[in-house]
Amino acid sequence: MSEISQADVERAIRTTCATVLRNEHYFADLDGLAGDGDFGTSLATGFRQIEKEWDDIPKTDIGALLLKISMLVSKHVGGSSGPIWGTGFMKAAMLTRGKTEITLADLAAMLGSAIEGIQARGGAKLGDKTLLDALIPVHQALEAGGDPAAALKQAATVADNAVDETRGLVAHRGRASQVGERSANTPDPGIVAIATILQDWCKDRGIERTPTAPEVAKATA
Amino acid sequence: MSEISQADVERAIRTTCATVLRNEHYFADLDGLAGDGDFGTSLATGFRQIEKEWDDIPKTDIGALLLKISMLVSKHVGGSSGPIWGTGFMKAAMLTRGKTEITLADLAAMLGSAIEGIQARGGAKLGDKTLLDALIPVHQALEAGGDPAAALKQAATVADNAVDETRGLVAHRGRASQVGERSANTPDPGIVAIATILQDWCKDRGIERTPTAPEVAKATA
Amino acid sequence: MKKFVNDPAQFVPEFMQGIVDANPDLLSFTPEFQMIVRKSGPSNGKVSVVQGSGSGHEPAHVMAVGPGLLTGACQGAVFAAPAVDSCYETIKACNSDAGVLVLVNNYQGDRMAWDMACEMAQAEGINVRQFWINDDVAVEDSTWTVGRRGVAGNFFVIKCCGAAAEQGQSLDQVEAIADKVNKNVRTMGIALTSCIPPAKGTPIFDLGDDEIEVGVGIHGEPGRRRDTIKNADALTEELFEAVSTDVPFKSGDRVAIMVNGLGGTPISELYVIYAKAHKLAEAAGFTVVRNYVGEYCTSLEMAGASLTILKLDAELEKLLDAPAESAARIF
Amino acid sequence: MKKFVNDPAQFVPEFMQGIVDANPDLLSFTPEFQMIVRKSGPSNGKVSVVQGSGSGHEPAHVMAVGPGLLTGACQGAVFAAPAVDSCYETIKACNSDAGVLVLVNNYQGDRMAWDMACEMAQAEGINVRQFWINDDVAVEDSTWTVGRRGVAGNFFVIKCCGAAAEQGQSLDQVEAIADKVNKNVRTMGIALTSCIPPAKGTPIFDLGDDEIEVGVGIHGEPGRRRDTIKNADALTEELFEAVSTDVPFKSGDRVAIMVNGLGGTPISELYVIYAKAHKLAEAAGFTVVRNYVGEYCTSLEMAGASLTILKLDAELEKLLDAPAESAARIF
Ligand SMILES: Nc1ncnc2c1ncn2[C@@H]1O[C@H](COP(=O)(O)OP(=O)(O)O)[C@@H](O)[C@H]1O
Ligand SMILES: Nc1ncnc2c1ncn2[C@@H]1O[C@H](COP(=O)(O)OP(=O)(O)O)[C@@H](O)[C@H]1O
Ligand SMILES: [Mg+2]
Ligand SMILES: [Mg+2]
Ligand SMILES: [Mg+2]
Ligand SMILES: [Mg+2]
């Protein structure tokens with residue numbers, strides 16, 4: 001039985017574009033705390049391009065759509081985010097070739113494959129204080145199945161929690177990892193971004209939820 | 001009849017050193033308003049050296065003393081001030097060769113000759129908004145003769161007045177002259193320096209007098 | 001933000017255009033990939049040496065393209081690794097039958113971008129390898145992090161590899177030279193101020209009026225510690241100590257010393273640092289064979305400087321001596 | 001004030017020491033007179049070209065000492081003309097039977113110091129002449145002032161006179177070349193920030209967060225007006241307009257263009273300016289034969305830039321092409 005239509009996916013991507021562009025400077029500032037301050041700009045450059053080329057992006061099926069997104073990210077996003085997000089979308093695309101609708105289980109599988117790809121690319125593990133610390137619990141939430149709306153709300157909640165749970169950790173990957181202990185007590189911008197995107201998806205879907213992490217609250221305000 | 005002893009001259013020079021060193025930064029700031037901000041430092045560099053070498057400076061006669069002062073200024077003072085003050089002391093030295101005491105008339109003649117030398121060196125005239133606008137009326141005050149103390153007080157007064165009288169003028173010499181109209185409504189640091197030195201001489205001599213120009217009041221405070 | 005900038009989003013392509021306009025006979029520019037390649041292109045029989053990294057470090061990296069230096073380079077946005085496609089296109093544009101060596105400064109973003117690009121190029125049968133530069137002693141290495149950062153020592157790797165490639169040495173040999181230079185070069189820097197990426201519009205980090213960042217990274221990453229400003233000799237002593245004890249260098253070594261300005265520090269101050277570093281080197285028994293004082297790897301207008309020491313041998317001395325030509329020039 | 005400085009009073013001799021330590025074979029240093037002379041000294045039969053001015057403009061002026069450039073130079077304190085004795089000793093140290101030409105940037109202080117020094121030297125029978133450089137179009141000339149200021153155009157006068165002297169041209173000829181260059185070179189600059197002379201410890205003037213000084217002098221002297229920051233193209237257009245209409249230059253002219261950083265502006269921004277200046281020059285029908293983008297005449301760490309255009313002829317092109325060597329170098 002179908003749970004998520006291609007229209008849903010397209011709408012989620014447009015919402016994501018809005019989230020990233022709205023937070024271009026805020027995400028950059030967060031990256032400036034322990035990293036090099038380019039995260040917001042790098043990501044926004046890619047999603048601004050996706051917005052711009054939206055009408056020409058193939059809509060034949062979800063796989064074609066995501067493959068093009070992945071290529072646009074590889075082409076326009078610099079910093080670690082380019083290879084990381086590009087790899088993620090690429091993996092998700094491969095599992096959706098030819099599909100115009102997917103189930104929640106499919107979505108979980110897509111994210112699982114994206115996580116594997118990102119780990120292979122950047123060598124990060126759970127607890128290294130990267131966006132994987134948000135994606136991995138989100139993946140579990142989706143795997144738990146149930147009503148898609150409820151699952152999405154749960155996904156947003158675990159990602160939101162990840163911001164505070166990882167705040168105290170020392171980053172082991174990315175620019176922030178090169179400052180050692182100095183990265184502790186700063187939120188990881190990648191985790192904040194994932195949590196913010198999911199929170200915006202909830203809002204867009206009319207799912208009531210109040211952010212807990214102050215950064216997510218600020219980014220969705 | 002003697003009016004000014006070599007001891008008086010030496011004392012005046014020591015007092016001048018104190019004036020210039022105390023105002024190193026203030027004179028530099030004044031020069032920064034329309035000029036290049038080096039006046040205070042340039043002058044202080046020279047007079048600090050005079051302080052340092054004081055014991056070795058020949059005291060056989062006023063001329064030898066002033067000649068050495070002129071050489072130290074030429075060697076250590078940069079900017080326009082080096083040639084200007086160096087030339088001035090040089091001219092005064094020439095009129096006092098072998099003398100160990102001078103009259104007020106001699107002092108007037110020394111200053112007159114210094115003024116001529118400075119004009120020949122830098123081509124400035126009365127009204128060009130340079131320290132000549134202080135030295136020239138001071139010269140007249142000294143020429144008027146009378147009691148040395150009264151003459152000194154009068155000299156300090158006309159120099160002090162020169163600060164306010166020239167404030168509105170546009171500088172025609174020195175760095176300040178290269179900013180055109182922009183130099184108007186700023187005091188000339190050279191004039192302020194002359195007025196401050198004379199005011200300090202008065203104080204040192206126990207001559208009662210309150211400065212009128214705010215800059216002179218600040219520099220002697 | 002007061003800068004000579006038009007549209008911040010166009011800052012990188014615009015300054016690259018200026019570099020090419022100023023060097024029409026030397027360089028060619030592909031705006032789409034923010035890529036600059038030698039006008040003469042790669043030469044078969046000679047290894048191509050390429051690089052690509054974030055912008056804001058000028059004259060690194062595109063200004064190091066030219067005979068005896070890089071064959072080509074691409075730029076990312078300010079302080080962001082280049083997009084994967086830029087790296088891939090740069091490898092392709094510099095492809096040579098003798099092979100392509102990519103000199104990657106050791107940052108996660110740069111490494112991942114070049115990893116992907118190299119995989120794509122190798123899949124097409126291009127003979128390309130990566131070498132990672134990590135000369136910054138400020139942040140200690142550990143199995144956890146991606147390791148030390150690549151900073152100003154990069155210049156020496158480029159210069160030596162570029163010269164070796166020009167001589168027609170093989171990819172193995174050029175790679176071995178990169179490894180030798182990297183193993184013998186160490187750097188540490190101090191920031192006196194932050195800097196403002198045009199697209200960000202605000203300082204990348206905050207430093208108090210009397211604060212300095214000891215061991216700062218060239219993207220404003222925190223280093224060893226915050227401290228208060230000391231005099232030039234004291235700061236130089238700390239840099240010299242940190243750098244010279246790392247290889248370790250020893251008395252009798254022949255060395256090259258670089259005092260690199262981070263962008264906002266005047267030349268005169270760099271020479272105040274050099275005067276002290278030179279004294280310290282002689283006291284340590286080093287022979288300073290060559291010195292480099294100026295801007296080689298900057299962080300926009302950041303005030304600060306880094307000290308680099310390279311331990312030389314006859315081979316490296318010859319390679320540093322070799323002629324080279326680049327967009328960074330004086331006459 | 002955060003700077004790489006020890007005792008501010010020793011700042012100038014300390015950085016000069018660094019320059020000489022970095023160039024032991026090229027230069028010799030006399031600390032007492034803050035004077036640097038070519039190691040080889042003056043050569044009889046060749047005119048000596050000397051200069052001396054305030055410090056803070058590095059690489060001008062002592063870093064321009066070397067074969068094909070200056071024979072010797074002396075420095076004053078930051079932004080202060082050198083002491084008369086320094087000038088006098090520099091003339092003596094560079095004395096040549098072919099004569100000595102002093103290139104004086106047109107500032108009252110410098111002129112008076114060199115006047116006195118030349119009188120002293122001539123009294124001793126030394127064949128020395130002064131030439132005054134005044135390429136800055138910012139402040140209009142008038143019979144009242146000492147005239148226009150000498151700024152970055154100074155580099156071209158040094159380069160051409162140095163090359164001519166190297167060729168063995170006579171004092172009259174070298175002086176004629178100085179005059180030709182000076183008559184055909186024009187400059188104007190814009191400051192985005194002020195700067196702090198170490199001995200002063202505070203900014204030499206104040207600029208608001210969005211203010212710029214159009215036509216600033218290299219000692220922070222006010223220029224044409226205060227304005228608010230505009231984009232790089234607009235600022236470059238104003239500089240180009242002011243400079244190119246002054247000689248006046250005309251379509252068909254062969255020119256050299258210099259974009260000079262005032263000290264605190266990153267290289268990347270200088271190339272953004274160059275890209276626009278290059279476009280404007282082509283639109284005006286100029287042929288840009290040579291270009292110079294970098295730091296040639298600075299004001300400590302001041303953020304800002306100046307644009308210089310030199311109208312060329314066959315003779316000047318040859319002189320610019322001639323080899324030269326100086327402390328300012330890259331490899
Ligand atoms: N190796 C990695 N694997 C997964 N995510 C990573 C990795 N390195 C960094 N990240 C994520 O990317 C974010 C930083 O992105 P960005 O600023 O574009 O990269 P860079 O660190 O190169 O500047 C971090 O907040 C982190 O969440
Ligand atoms: N040509 C001149 N003749 C006499 N006094 C001058 C002349 N030019 C400048 N001055 C005096 O010198 C002062 C500036 O000295 P200084 O700052 O050392 O010179 P510069 O203008 O070269 O920086 C001015 O305030 C003025 O009183
Ligand atoms: Mg980052
Ligand atoms: Mg002055
Ligand atoms: Mg980055
Ligand atoms: Mg001066």
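Chain A is the first sequence line, chain B the second, and so forth, proteins listed ahead of strands; every chain is numbered from 1.
In this structure, D:Lys200 and B:Ala28 approach most closely via the heavy-atom pair CE-O, 3.9 Å. Heavy-atom minimum distance, B:Gly78 versus D:Ala80: C-CB, 4.2 Å. Nearest heavy-atom pair, B:Gly122 versus D:Gln108, reported as atom, atom and distance to 0.1 Å: O-NE2, 3.5 Å. Minimum heavy-atom separation, D:Val84 to B:Pro83: CG2-CG, 4.2 Å.
Counting only heavy atoms from C-beta outward, the side chains of B:Thr41 and D:Val78 never approach each other to under 4.5 Å. Side chains of D:Met116 and B:Thr87 form a contact here, defined as non-hydrogen atoms less than 4.5 Å apart.
Shown here is B:Lys91, whose NZ atom has no more than 12 heavy atoms of other residues, nucleotides or ligands within 6.0 Å. The neighbour count for B:Asp56 CG, taken as heavy atoms of other residues, nucleotides or ligands under 6.0 Å away, is above 12. More than 12 non-hydrogen atoms from other residues, nucleotides or ligands lie less than 6.0 angstrom from CZ of D:Arg225. Other residues, nucleotides and ligands place more than 12 heavy atoms under 6.0 Å from the CE atom of D:Met1.
At a 4.5 Å heavy-atom cutoff, D:Ala77 makes no contact with chain B through either its backbone or its side chain. Of the atoms belonging to B:His76, it is backbone heavy atoms, and not side-chain ones, that fall under 4.5 Å from chain D. Using a 4.5 Å cut-off between heavy atoms, D:Pro197 makes no contact with chain B at all. Contact of B:Ser74 with chain D is made through backbone and side chain together, with heavy-atom distances under 4.5 Å. The part of D:Phe33 that comes within reach of chain B is its side chain, from C-beta onward, which places non-hydrogen atoms under 4.5 angstrom from that chain.
With rounding to the nearest 0.5 angstrom, the CG atom of B:Leu33 is 11.0 Å from the CD1 atom of D:Ile204. Summarising the geometry, atom CE belonging to D:Met112 is positioned 3.5 Å from atom CD1 belonging to B:Ile84; distances are rounded to the nearest 0.5 Å.
With salt bridges taken as basic N to acidic carboxylate O contacts below 4.0 Å, none links B:Lys75 and D:Glu89.
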